[in-house]
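Each remark here refers to the structure printed beneath this line.
For the numbers below, each heavy atom of this structure counts, side chains included, while hydrogens, waters and symmetry mates do not. All values derive from a computational prediction rather than experimental measurement.
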Amino acid sequence: TEGTEEKPIDIRKDGTILKITLKKGYGHDRPQEFSQVIASFGDISEKEWILDEEPTIPEWVDETLKSMRAGEVALVKLVDQNKEIRINLSTFQLPRTLEEQDSQQKKLEYIRMLRDRGNYWYQEKDYARARRRYHNAGLLADVADFYQEATIALLNLSAIALAEKDYIECRDLCCRVLARDSKNIKAFYRRAVALSAVALYDEAYADVKLALKSTHNKQQQEQFKKLCKSILEKRKAAKAKQKNSFGGFLNKTHKANATLNIWDNNISMIPKKIEHRPGSRVFLDICFDLSINHLQRIVIELFEDTAPLTTRKFKSLCGIYQNNQPFSYRGTTFHRVIHKFMIQGGKIHNYFDSHDSHEPFFDSHTTPGLLSMSSDADSQFFILTKPAPHLDGKHRVFGRVHDSTSMAIVHGIEQLEVDNKYRPLTEPHILNCGLLPSSSCFVQKSN
C-alpha cells in the first residue's frame, strides 16, 4: 500500500487515482468505514470526521485514506482532473466490530445503525454508499442470527437495484426475500415492477395479484391496482405490436395447427435458463419393499428464489414447519410411473391448498431431475426423467434432484413394472422426509 514514483498505488484499480507515499506511516491497521480519522488534504487543514460518512469530503479522499497508515503522508494524482494533491493521515480510531459488542441488544443496535445510515444515503441518492451499508447490515445480521434484519437488508438492496434500473438484480433480490418471507408485499410489488420493465407481463401481473390479496391497506391497494392496470396495458400493447408484425404468418400457422395459440394468457414467458442461488435441501427416504424396510434417500434442492410459495408448501408437507400440520408426505407412495417421462408421488387424500396457484412460472421443464408441482392445488409432485417443455406454464418447477446417487434412485423407480394405468405393481413408499442442514441465505456479493 506504499507507492513510489515508479510504481504508484492504483487506488481504484482503473488508473484514475494514483498514490505515491512521501512519508511512511506506523502500525499495521488502516482505516475502514466508520473509522474516526484526523487528516488534512490540499488546502483543507487538519480536521476530524467519520470515514465514508461526511458528505463534504470528496470520495477520493476517503478511498485513499483506507490505504494509509497513521502518520503517513502521500501525494495523490487525480489523473482525470490532471491534479496532484498532498494528503496526510495524522491518526485514526477503528470502529467497534460486531464481535466487540457486549450483548445481543448492542449487536442489534449496531446493525440497525448501519441500516439507518443506508437509508440516509439512499435518500441522498448516493446508492453506492447505501448499498455498502445495507449489504454489511445483512451480512452481520445473518452472522448474528437476526433473521428479520437480514431480510430487511435484502429488501433494501432490491430498492436500490430498482432505482438504478437493474431489473434482473431487483428480481433476484426480491426472490431471495420471498424465500425467507413468502408473504412480503414489498417484494411482490418490486418484483412485479422489475418483471414488467423487462416485458415479463404475465409474471408481473401474477405478483401484483398476490400483493393485492395480501394487504388490506387502502393506499397500498390503490397503488397495486394502478400498477396492475399499467401492466395489462403494456401487455396488450406488446401483443398488438407483435401481432401486427407477424400476424399474417401466425394466422397461417394457426390454421395448420389449431392447438397452437401463442396469445393464450396461460402461457408464461419463461426464461430458458436461470442460475439459482443455493436453496434448502430436503430428503425423502424411500422404501421399495416394506418387508425388508431398507431405506434409500433422495435429496432434493429447492428453488426458493423463484418459487417461494410452492417450496414453502412442499417443506410444510415434509413436516419442517410442524405447527400441528395434519398432512404429511410420510406414508405416501410414488403411485404413477411413466418410463422415459416422470415419476409422480405425494398424493394426500382430502388435501387442498391453492396459495401457490398464482405464483409465476419462472423455470422450464428442460432437464431430467427437475421437481415440479401439480397445478391442481393438491399435494402431488413429480420428478422428470426426460425434458418435458410441453408442461411449461401448466406445472411449476420448484426444485431439482441434488446428486447422482439420488438420481439413480429416481431411475430405479422409473424402471418399476406398472399396470395399464401406469401404477407400479409394487409402490415405493416415502417412510420419512425432512430438511437437511444448509448454509446462509445471505450470499456475499462484491461491491
Side-chain angles (χ1 to χ4, degrees), residues 142 147-148 150-152 154-155 158 171-192 203 206-215 268 274 276-284 298-330 332 345-348 350-363 370-383 395-402 430 432-443:
D142 228 25
Y147 190 88
Q148 187 61 31
T151 305
I152 292 171
L154 287 170
L155 194 62
S158 75
R171 189 223 71 156
D172 185 37
L173 287 162
C174 288
C175 285
R176 290 163 66 189
V177 171
L178 290 166
R180 303 164 74 94
D181 178 6
S182 61
K183 296 182 180 179
N184 192 293
I185 296 172
K186 288 184 178 179
F188 278 126
Y189 181 81
R190 288 175 189 164
R191 190 169 72 173
E203 285 79 359
D207 271 355
V208 179
K209 295 293 284 184
L210 284 169
L212 266 170
K213 287 175 65 177
S214 302
T215 182
S268 175
I274 294 176
H276 289 279
R277 296 186 181 275
S280 298
R281 288 182 299 153
V282 173
F283 69 88
L284 303 174
I298 296 175
V299 178
I300 293 166
E301 182 182 352
L302 300 179
F303 296 162
E304 294 169 303
D305 51 356
T306 54
L309 300 181
T310 307
T311 54
R312 183 175 179 82
K313 169 181 169 179
F314 187 79
K315 288 195 292 184
S316 175
L317 291 171
C318 287
I320 292 167
Y321 299 116
Q322 301 302 327
N323 297 331
N324 299 318
Q325 167 65 276
F327 300 104
S328 172
Y329 285 134
R330 291 183 181 89
T332 62
K347 186 175 182 179
I348 301 174
N350 299 321
Y351 179 86
F352 182 85
D353 183 359
S354 62
H355 285 105
D356 61 329
S357 60
H358 297 294
E359 192 165 51
F361 298 99
F362 278 112
D363 294 271
L370 288 175
L371 180 71
S372 191
M373 183 67 77
S374 165
S375 61
D376 297 328
D378 62 13
S379 59
Q380 296 182 67
F381 62 88
F382 58 90
I383 300 173
H395 302 285
R396 188 170 292 98
V397 175
F398 68 99
R400 62 186 163 210
V401 175
H402 181 261
I430 300 173
N432 195 20
C433 50
L435 183 69
L436 291 172
S438 60
S439 58
S440 166
C441 291
F442 201 99
V443 180

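- Between atom NZ of residue Lys183 and atom CG of residue Leu309 there is a gap of 9.0 Å, rounded to the nearest 0.5 Å.
- In this structure, the ring-ring contact (aromatic ring centres under 6.0 Å, His included) partners of Phe381, at least two apart in sequence or on a different chain, are Phe314, Tyr329, Phe334.
- Every residue two or more places apart in sequence or in another chain that forms a ring-ring contact (aromatic ring centres under 6.0 Å, His included) with Tyr189 is listed here: Phe224.
- A distance of 10.5 Å separates CZ of Arg176 from OG of Ser158, quoted to the nearest 0.5 Å.
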(message) What verdict does the side chain to side chain contact (heavy atoms under 4.5 Å, CB included) test give for Val401 and Ile383, after you've listed the backbone C-alpha separation in whole Å, the side-chain angles of each residue and the deciding distance to 0.1 Å?
(response) CA-CA 8 Å; Val401 175; Ile383 300 173; 3.8 Å; yes
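- A 4.5 Å side-chain heavy-atom check between Ile348 and Leu317 finds at least one atom pair inside the cut-off.
- Looking at Arg330 and Asn432, their side chains come closer than 4.5 Å, going by heavy atoms from C-beta outward.
- Side-chain contact check for Phe303 versus Arg400: some heavy-atom pair is nearer than 4.5 Å.
- Under the 3.5 Å distance criterion, the side-chain polar atoms of Ser379 are matched with a main-chain donor or acceptor of Gly346.
- A donor-acceptor contact shorter than 3.5 Å is absent between the side chain of Thr310 and the backbone of Phe398.
- Contacts of Ala187 classified as side chain to side chain contact (heavy atoms under 4.5 Å, CB included), with partners at least two apart in sequence or in another chain: Leu155, Cys174, Val177, Leu178, Asn184.
- Between the side chain of Ser328 and the backbone N or O of Cys318, no donor-acceptor pair lies under 3.5 Å.
- Note that CG of Asp207 is 10.5 Å distant from CZ of Arg171, once rounded to the nearest 0.5 Å.
- Atoms CZ and CG, from Arg312 and Leu302 in turn, are 12.5 Å apart once rounded to the nearest 0.5 Å.
- We find that Lys315 and Glu304 are joined by a salt bridge, their nearest charged nitrogen and carboxylate oxygen being less than 4.0 Å apart.
- Interatomic distance, Ile430 CD1 to Thr332 OG1, rounded to the nearest 0.5 Å: 3.5 Å.
- Separating the CG atom in Leu371 from the NE2 atom in His395 is a distance of 13.0 Å, to the nearest 0.5 Å.
- A donor-acceptor pair under 3.5 Å links the side-chain atoms of Glu301 to the main chain of Gly279, judged by distance alone.
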